[in-house]
Amino acid sequence: MSFSRTDSGSAAEYLFYEEILVYVEGYTDILFYDTVLQNYNCRIKAKNGREECEKAAAILVEGDNPYVVILDGDYEILERTRSEHRRIILLHRHSFENYLFEEKPIKQFCRDRTHIEDSLEKLPSKFKTVVEDTELKFKELIVLDVAHQRSSTGYDVLPNKPGRFLKPGKSIKFRDDEIRQRYAEAVQGIDSQSIEAARTLVEKFLRKHRFIDLLPGHFAFGIMRRLIIHKIDRPISDENVRVPLSRGVWRLVETDDHNSLKRRLRRAVREAQQIRG
């Protein structure tokens, strides 16, 4: 059953379900949140991207409807972390994939798939190196991406996946030539004042957060997947990485961001249930 063709249909959709509806931006998001809400009487449904979720959020604000909307943080987290309504959950990281980029679940994932203990013993130091190298290599591109987005130029500095910036094979090494070329392309068409304003926002964010948490979710996920491939020494699909990590991260990780998201999401569902009666 779908009510996505009209805004009024979307506004009324919750009336046709006994469960509380929780809207997310895409299908791949569902399992990550389902793990947190598995003991709650709710149904997680994917909208067709950010725009549709924002429409649902606007309708919720206007009518105080008993459903929940989850919005990716995107670059909005550079300037705000509070949403317009308690049942609109704004992530404190760019996307849900950034919540998966944690050492413990990645190590457990690799342990379940390899018997090379020497490789796993070195994983913490490798993880740290990858996180640091990613910031070193891509910080200026992120600054430019933020500048372009805030100026509404329509230019995407980073591609959806990091493949072009990774050296061939299973290593987790970046191609400096490709990064330099992308920078030279991206710096065109954006003024220096916009760049410096974006840099100020990024630097402020990094005082309290990891750079990897600001990196666009699909891009960060691609780097994480390459790290896993490097450790288990064989290829693996996105889905076969995403599913177990989406389940395992909630058992193994308790950062402020994870705890806050869990608390806010469960509270929002309970509140919607109380309104429904």
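Reckoned from all heavy atoms, side chains included, excluding hydrogens, waters and symmetry mates.
Taking CD of E97 as the reference point, atom CG of L215 lies at 11.0 Å (rounded to 0.5 Å). K47 NZ to E25 CD: the interatomic distance, rounded to the nearest 0.5 Å, is 12.0 Å. Separating the OG atom in S95 from the CG atom in D74 is a distance of 5.5 Å, to the nearest 0.5 Å. How far CD of E185 is from CZ of R180: 13.0 Å, rounded to the nearest 0.5 Å.
Figure legend: cation-pi geometry between R242 and F221, with NZ or CZ positioned under 6.0 Å from the six-membered ring centre and within 45° of its axis.
Using a 4.0 Å cut-off between charged nitrogen and carboxylate oxygen, E76 and R93 do not count as a salt-bridge pair. Ionic pairing of R210 and D213 is present here: one or more N-O contacts between side-chain nitrogen and carboxylate oxygen are shorter than 4.0 angstrom.
The aromatic rings of H258 and W250 lie perpendicular to each other, with more than 60° between the two planes, well past the 30° mark. Below 30°, between 30° and 60°, or above 60°: for Y67 and Y23 the angle between ring planes is above 60°, a perpendicular geometry.
At distances below 3.5 Å, at least one donor-acceptor pair connects side-chain atoms of S125 with backbone N or O atoms of K122. Judged by distance alone, with hydrogens and angles left aside, the side-chain atoms of R226 form a donor-acceptor pair with the main-chain N or O of G169 at under 3.5 Å. Proximity of a side-chain donor or acceptor of T35 to a complementary backbone N or O of L31 within less than 3.5 Å is detected.
In terms of heavy atoms, Q188 sits closest to H148 at O-CE1, 3.8 Å. Closest approach of R264 to L91, counting heavy atoms only: NH2-CA, 4.5 Å. Across L123 and K231, no two heavy atoms sit closer than the pair CD1-CG, 3.8 Å.
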Inset, instruction - I would like to know whether R43 and V22 meet side-chain contact (heavy atoms from CB on, under 4.5 Å); could you show each step before the answer? - result: CA-CA 6 Å; R43 179 184 296 237; V22 178; over 6 Å; no

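If you run side chain to side chain contact (heavy atoms under 4.5 Å, CB included) between R87 and each of D64, N65, V269, only D64 comes through.
Side-chain contact between Y99 and T255: absent, with no pair of heavy atoms (C-beta onward) separated by less than 4.5 Å.
Close placement of the F138 and F165 rings is indicated, their centers lying within 6.0 Å of each other.
Counting heavy-atom neighbours within 6.0 Å of E79 CD, excluding the residue itself, gives a total above 12.
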